[in-house]
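Down below is the structure, laid out as C-alpha coordinates.
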Amino acid sequence: MQIAILTVGNELLAGDIENTNATWLARRLTEGGATVARIQTVPDDHGVIAETVADWAAAFDAVLVTGGLGGTPDDITMEAVAAGLDRAFVVNEEAAAQVESTIAAILERRPDIDFDLEPEWYASMPADAEVLPNEEGLAPGCRAGNVYVLPGIPTEMKPMFESIAERFAGDVRSRVVYADAPEGAVARELGEVTERFGVGVGSYPNSGGPTRVKLTGGDPAALDEAMAWFRSNATVDLYESEAAVEAAREAETDGEERSQIGRDDGRLGSRDGE
(Lines give C-alpha, C1' and ligand atoms only; values in the text may rest on other atoms or scores of the structure.)
Protein backbone atom coordinates (compact mmCIF):
# COMPACT_ATOMS: atom_id res chain seq x y z
CA MET A 1 0.00 0.00 0.00
CA GLN A 2 1.52 3.29 -1.18
CA ILE A 3 0.74 6.21 1.12
CA ALA A 4 1.58 9.92 0.99
CA ILE A 5 1.71 12.25 4.00
CA LEU A 6 0.93 15.95 3.61
CA THR A 7 1.53 18.24 6.59
CA VAL A 8 0.09 21.73 6.42
CA GLY A 9 1.16 24.87 8.22
CA ASN A 10 3.19 28.07 7.86
CA GLU A 11 4.53 27.42 11.36
CA LEU A 12 6.12 24.16 10.19
CA LEU A 13 7.87 25.82 7.27
CA ALA A 14 9.09 28.65 9.50
CA GLY A 15 10.52 26.21 12.01
CA ASP A 16 8.31 27.56 14.79
CA ILE A 17 6.99 24.04 15.45
CA GLU A 18 8.86 20.79 14.89
CA ASN A 19 7.12 18.52 12.39
CA THR A 20 6.78 15.48 14.65
CA ASN A 21 3.51 14.42 13.00
CA ALA A 22 5.22 13.40 9.76
CA THR A 23 7.82 11.27 11.54
CA TRP A 24 5.27 9.66 13.84
CA LEU A 25 2.84 8.83 11.03
CA ALA A 26 5.62 7.46 8.81
CA ARG A 27 6.80 5.19 11.61
CA ARG A 28 3.30 3.91 12.43
CA LEU A 29 2.42 3.30 8.79
CA THR A 30 5.68 1.45 8.18
CA GLU A 31 5.11 -0.66 11.29
CA GLY A 32 1.77 -1.67 9.80
CA GLY A 33 3.37 -2.84 6.57
CA ALA A 34 2.53 0.15 4.38
CA THR A 35 5.02 2.00 2.20
CA VAL A 36 5.31 5.73 2.75
CA ALA A 37 6.04 7.03 -0.74
CA ARG A 38 5.91 10.81 -0.16
CA ILE A 39 6.16 13.29 2.70
CA GLN A 40 5.71 16.98 2.01
CA THR A 41 5.00 20.14 4.00
CA VAL A 42 3.02 22.96 2.40
CA PRO A 43 1.93 26.40 3.62
CA ASP A 44 -1.58 27.47 4.58
CA ASP A 45 -2.25 28.22 0.92
CA HIS A 46 -5.58 27.10 -0.56
CA GLY A 47 -4.26 26.61 -4.08
CA VAL A 48 -1.15 24.68 -3.07
CA ILE A 49 -3.09 22.33 -0.79
CA ALA A 50 -5.83 21.73 -3.36
CA GLU A 51 -3.37 21.05 -6.18
CA THR A 52 -1.28 18.65 -4.10
CA VAL A 53 -4.33 16.74 -2.89
CA ALA A 54 -5.68 16.43 -6.43
CA ASP A 55 -2.38 15.06 -7.74
CA TRP A 56 -1.72 12.72 -4.83
CA ALA A 57 -5.25 11.31 -4.58
CA ALA A 58 -4.80 10.02 -8.13
CA ALA A 59 -1.24 8.77 -7.60
CA PHE A 60 -1.36 6.92 -4.25
CA ASP A 61 -3.54 4.41 -2.45
CA ALA A 62 -4.14 6.84 0.41
CA VAL A 63 -3.23 10.40 1.35
CA LEU A 64 -2.98 11.54 4.97
CA VAL A 65 -3.29 15.27 5.55
CA THR A 66 -2.62 16.88 8.95
CA GLY A 67 -2.95 20.44 10.18
CA GLY A 68 -5.14 23.45 9.55
CA LEU A 69 -8.43 22.27 11.09
CA GLY A 70 -10.44 24.64 13.26
CA GLY A 71 -12.13 27.99 13.28
CA THR A 72 -9.34 30.54 12.78
CA PRO A 73 -8.65 32.31 9.46
CA ASP A 74 -5.60 30.17 8.69
CA ASP A 75 -7.54 26.91 9.12
CA ILE A 76 -8.27 26.35 5.43
CA THR A 77 -7.26 22.71 4.98
CA MET A 78 -10.75 21.20 4.80
CA GLU A 79 -11.96 23.71 2.22
CA ALA A 80 -8.81 23.23 0.13
CA VAL A 81 -9.15 19.43 0.26
CA ALA A 82 -12.75 19.74 -0.93
CA ALA A 83 -11.58 21.86 -3.85
CA GLY A 84 -8.79 19.42 -4.68
CA LEU A 85 -11.29 16.55 -4.80
CA ASP A 86 -13.81 18.64 -6.76
CA ARG A 87 -16.40 18.31 -3.98
CA ALA A 88 -18.67 20.92 -2.45
CA PHE A 89 -17.62 22.33 0.93
CA VAL A 90 -20.60 21.82 3.22
CA VAL A 91 -21.61 21.58 6.86
CA ASN A 92 -21.69 17.91 7.81
CA GLU A 93 -24.63 17.38 10.17
CA GLU A 94 -22.98 14.46 11.98
CA ALA A 95 -19.86 16.52 12.55
CA ALA A 96 -21.93 19.51 13.69
CA ALA A 97 -23.69 17.38 16.30
CA GLN A 98 -20.32 16.18 17.61
CA VAL A 99 -18.98 19.73 17.78
CA GLU A 100 -22.07 20.99 19.60
CA SER A 101 -21.76 18.15 22.11
CA THR A 102 -18.09 18.96 22.71
CA ILE A 103 -18.83 22.67 23.19
CA ALA A 104 -21.59 21.84 25.68
CA ALA A 105 -19.23 19.59 27.63
CA ILE A 106 -16.60 22.33 27.76
CA LEU A 107 -19.10 24.89 29.04
CA GLU A 108 -20.37 22.45 31.63
CA ARG A 109 -16.86 21.99 32.98
CA ARG A 110 -15.96 25.65 32.67
CA PRO A 111 -19.09 27.81 32.98
CA ASP A 112 -16.83 30.83 33.53
CA ILE A 113 -15.55 30.70 29.96
CA ASP A 114 -17.16 33.29 27.70
CA PHE A 115 -16.73 32.44 24.03
CA ASP A 116 -18.85 32.29 20.94
CA LEU A 117 -18.11 29.36 18.64
CA GLU A 118 -20.06 28.51 15.55
CA PRO A 119 -20.21 24.72 14.98
CA GLU A 120 -19.99 25.17 11.21
CA TRP A 121 -16.48 26.59 11.66
CA TYR A 122 -15.41 23.13 12.72
CA ALA A 123 -18.01 20.89 11.06
CA SER A 124 -17.63 21.95 7.41
CA MET A 125 -15.90 19.42 5.17
CA PRO A 126 -16.03 17.88 1.67
CA ALA A 127 -19.51 16.69 0.68
CA ASP A 128 -20.29 13.03 1.45
CA ALA A 129 -17.23 12.71 3.67
CA GLU A 130 -16.97 10.13 6.44
CA VAL A 131 -16.62 11.88 9.80
CA LEU A 132 -13.65 10.87 11.97
CA PRO A 133 -14.53 11.76 15.58
CA ASN A 134 -12.09 13.86 17.57
CA GLU A 135 -12.18 12.53 21.13
CA GLU A 136 -9.50 14.94 22.33
CA GLY A 137 -10.45 18.19 20.65
CA LEU A 138 -13.09 20.24 18.90
CA ALA A 139 -12.51 19.78 15.16
CA PRO A 140 -13.48 16.36 13.67
CA GLY A 141 -11.43 14.85 10.91
CA CYS A 142 -12.79 13.17 7.80
CA ARG A 143 -12.23 10.74 4.96
CA ALA A 144 -13.16 11.86 1.47
CA GLY A 145 -12.37 9.17 -1.07
CA ASN A 146 -8.84 8.02 -0.33
CA VAL A 147 -7.89 11.28 1.42
CA TYR A 148 -7.86 11.36 5.22
CA VAL A 149 -7.78 14.72 6.99
CA LEU A 150 -6.51 14.73 10.59
CA PRO A 151 -5.88 17.48 13.15
CA GLY A 152 -2.43 18.96 13.44
CA ILE A 153 -2.28 18.87 17.24
CA PRO A 154 -0.41 15.64 18.04
CA THR A 155 -2.57 14.76 21.07
CA GLU A 156 -5.61 14.87 18.78
CA MET A 157 -4.02 13.44 15.64
CA LYS A 158 -2.53 10.31 17.21
CA PRO A 159 -5.71 8.81 18.72
CA MET A 160 -7.67 9.66 15.58
CA PHE A 161 -5.11 7.82 13.46
CA GLU A 162 -5.08 4.83 15.81
CA SER A 163 -8.85 4.51 15.39
CA ILE A 164 -8.36 3.90 11.65
CA ALA A 165 -4.83 2.44 11.59
CA GLU A 166 -5.97 -0.98 10.36
CA ARG A 167 -7.12 0.60 7.09
CA PHE A 168 -3.50 1.15 6.08
CA ALA A 169 -2.18 -2.34 6.72
CA GLY A 170 0.26 -3.60 4.09
CA ASP A 171 2.51 -6.61 3.54
CA VAL A 172 5.93 -4.99 3.86
CA ARG A 173 7.93 -6.30 6.82
CA SER A 174 11.38 -5.53 8.17
CA ARG A 175 14.22 -6.96 10.23
CA VAL A 176 16.68 -4.71 12.08
CA VAL A 177 20.07 -5.20 13.70
CA TYR A 178 22.72 -2.78 14.95
CA ALA A 179 26.38 -2.89 13.91
CA ASP A 180 29.00 -1.48 16.24
CA ALA A 181 30.93 -0.09 13.28
CA PRO A 182 30.65 2.54 10.50
CA GLU A 183 28.23 1.70 7.70
CA GLY A 184 31.12 1.14 5.31
CA ALA A 185 32.05 -1.93 7.31
CA VAL A 186 28.84 -3.70 6.23
CA ALA A 187 28.50 -2.29 2.70
CA ARG A 188 29.88 -5.36 0.93
CA GLU A 189 27.61 -7.79 2.83
CA LEU A 190 24.54 -5.60 2.29
CA GLY A 191 25.21 -5.52 -1.45
CA GLU A 192 25.43 -9.29 -1.53
CA VAL A 193 22.36 -9.91 0.64
CA THR A 194 20.11 -7.92 -1.65
CA GLU A 195 21.45 -9.80 -4.71
CA ARG A 196 21.03 -13.19 -3.06
CA PHE A 197 17.60 -12.73 -1.48
CA GLY A 198 15.93 -9.82 -3.31
CA VAL A 199 15.26 -7.84 -0.14
CA GLY A 200 15.54 -4.10 0.37
CA VAL A 201 18.49 -2.94 2.45
CA GLY A 202 19.33 0.24 4.31
CA SER A 203 22.10 1.35 6.63
CA TYR A 204 21.67 4.37 8.86
CA PRO A 205 24.77 5.70 10.60
CA ASN A 206 24.53 7.50 13.93
CA SER A 207 27.36 9.84 14.89
CA GLY A 208 29.05 8.25 17.86
CA GLY A 209 26.50 5.47 17.96
CA PRO A 210 25.90 2.17 16.19
CA THR A 211 24.84 1.78 12.56
CA ARG A 212 21.24 0.58 12.19
CA VAL A 213 20.85 -2.02 9.44
CA LYS A 214 17.37 -2.68 8.07
CA LEU A 215 16.21 -5.38 5.66
CA THR A 216 12.71 -5.05 4.15
CA GLY A 217 10.48 -7.20 1.98
CA GLY A 218 7.10 -8.83 1.59
CA ASP A 219 8.13 -12.41 2.34
CA PRO A 220 8.85 -13.00 6.07
CA ALA A 221 10.62 -16.30 5.36
CA ALA A 222 12.94 -14.68 2.83
CA LEU A 223 13.64 -11.87 5.30
CA ASP A 224 14.55 -14.33 8.03
CA GLU A 225 16.84 -16.21 5.65
CA ALA A 226 18.46 -12.98 4.49
CA MET A 227 19.05 -11.78 8.03
CA ALA A 228 20.50 -15.15 9.05
CA TRP A 229 22.93 -14.97 6.11
CA PHE A 230 23.87 -11.38 6.98
CA ARG A 231 24.55 -12.31 10.61
CA SER A 232 26.73 -15.23 9.56
CA ASN A 233 28.76 -13.25 7.05
CA ALA A 234 29.12 -9.84 8.66
CA THR A 235 32.68 -9.14 9.77
CA VAL A 236 31.60 -6.82 12.64
CA ASP A 237 29.66 -7.42 15.84
CA LEU A 238 25.86 -7.24 15.45
CA TYR A 239 23.31 -6.56 18.20
CA GLU A 240 19.54 -6.58 18.63
CA SER A 241 19.30 -2.99 19.92
CA GLU A 242 21.23 0.20 20.57
CA ALA A 243 21.04 -0.59 24.28
CA ALA A 244 22.79 -3.91 23.65
CA VAL A 245 25.59 -2.11 21.82
CA GLU A 246 26.05 0.32 24.71
CA ALA A 247 26.06 -2.55 27.21
CA ALA A 248 28.77 -4.33 25.21
CA ARG A 249 30.84 -1.16 25.02
CA GLU A 250 30.54 -0.60 28.76
CA ALA A 251 31.52 -4.20 29.47
CA GLU A 252 34.56 -3.85 27.22
CA THR A 253 35.55 -0.60 28.93
CA ASP A 254 35.18 -2.17 32.37
CA GLY A 255 37.32 -5.13 31.28
CA GLU A 256 40.05 -2.83 29.96
CA GLU A 257 40.04 -0.84 33.20
CA ARG A 258 40.33 -4.00 35.32
CA SER A 259 43.14 -5.24 33.09
CA GLN A 260 44.97 -1.93 33.47
CA ILE A 261 44.55 -2.03 37.25
CA GLY A 262 45.98 -5.55 37.26
CA ARG A 263 49.02 -4.42 35.28
CA ASP A 264 49.53 -1.45 37.58
CA ASP A 265 49.28 -3.69 40.64
CA GLY A 266 51.85 -6.02 39.12
CA ARG A 267 54.30 -3.20 38.56
CA LEU A 268 53.77 -1.94 42.11
CA GLY A 269 54.36 -5.43 43.47
CA SER A 270 57.57 -5.71 41.50
CA ARG A 271 58.85 -2.41 42.88
CA ASP A 272 57.92 -3.46 46.43
CA GLY A 273 59.95 -6.61 46.04
CA GLU A 274 63.02 -4.84 44.77
Side-chain angles (χ1 to χ4, degrees), residues 3-26 28-29 36 38-60 62-92 94-96 98-99 102-103 106 115-164 168:
I3 299 179
I5 299 171
L6 182 66
T7 56
V8 178
N10 294 336
E11 69 279 8
L12 299 175
L13 292 170
D16 294 332
I17 295 178
E18 187 176 356
N19 192 357
T20 59
N21 282 354
T23 302
W24 188 88
L25 282 169
R28 286 290 292 111
L29 290 163
V36 178
R38 295 286 190 283
I39 297 178
Q40 184 173 329
T41 301
V42 297
D44 296 302
D45 183 299
H46 185 282
V48 173
I49 299 169
E51 181 179 0
T52 305
V53 167
D55 291 343
W56 284 12
F60 301 106
V63 180
L64 270 63
V65 184
T66 72
L69 307 190
T72 58
D74 60 336
D75 292 327
I76 61 172
T77 298
M78 279 291 194
E79 186 173 3
V81 168
L85 297 175
D86 197 23
R87 297 193 185 196
F89 185 57
V90 300
V91 175
N92 184 293
E94 180 184 349
Q98 291 181 15
V99 172
T102 302
I103 292 174
I106 293 172
F115 62 83
D116 182 22
L117 294 179
E118 298 295 333
E120 57 264 30
W121 295 349
Y122 300 87
S124 296
M125 55 186 57
D128 301 319
E130 173 193 358
V131 179
L132 302 178
N134 187 345
E135 303 295 343
E136 303 296 331
L138 194 55
C142 80
R143 177 194 62 81
N146 65 340
V147 178
Y148 294 77
V149 186
L150 311 178
I153 301 172
T155 53
E156 299 179 18
M157 183 276 293
K158 292 179 180 180
M160 188 178 292
F161 173 83
E162 295 295 359
S163 72
I164 57 174
F168 309 107

Check: Looking just at side-chain N and O atoms, do Thr52 and Asp55 make a donor-acceptor pair shorter than 3.5 Å?
Finding: no

Notebook entry, point to check: With sequence neighbours left out, which residue pairs that include part of residues 141-162 fulfil the salt bridge (Lys or Arg N to Asp or Glu O under 4.0 Å) condition?
Noted result: Arg28-Glu162, Glu130-Arg143

Next item on the list: Taking all heavy atoms of Val131 and all of Pro133, pick out the closest pair and write down the distance.
Entry: O-CD, 3.5 Å

Notebook entry, point to check: Sub-3.5 Å donor-acceptor pair from the side chain of Asn92 to the main-chain atoms of Ser124, do we have one?
Noted result: no

Margin query: Taking the side chain as everything from C-beta on, heavy atoms only, tell me whether Pro126 gets closer than 4.5 Å to Val81.
Written below: yes

Check: Is it true that atom CG of Asp45 has more than 12 heavy atoms of other residues, nucleotides or ligands lying nearer than 6.0 Å?
Finding: yes

Notebook entry, point to check: Under 3.5 Å, is there a donor-acceptor pair between the Asn19 and Thr41 side chains?
Noted result: yes

Checklist line | Gln98 side, atom CD; Glu135 side, atom CD - distance, nearest 0.5 Å | finding: 7.5 Å

Next item on the list: To the nearest 0.5 Å, tell me how far Ile39 CD1 sits from Thr23 OG1.
Entry: 7.0 Å

Check: If you round to the nearest 0.5 Å, how far is CG of Leu150 from CE of Met160?
Finding: 6.5 Å

Check: About how many Å separate OG1 of Thr102 and OH of Tyr122, when rounded to the nearest 0.5 Å?
Finding: 11.0 Å

Margin query: Distance check, rounded to the nearest 0.5 Å: Leu6 atom CG versus Thr66 atom OG1?
Written below: 7.5 Å

Notebook entry, point to check: With sequence neighbours excluded, what pairs up with Glu18 under the salt bridge (Lys or Arg N to Asp or Glu O under 4.0 Å) test?
Noted result: none

Margin query: Ring centroids only, cut at 6.0 angstrom: are Tyr148 and Phe161 within range, meaning strictly under it?
Written below: no

Next item on the list: Decide yes or no for Val42 and Leu12: does some side-chain heavy atom of the first lie under 4.5 Å from some side-chain heavy atom of the second?
Entry: no

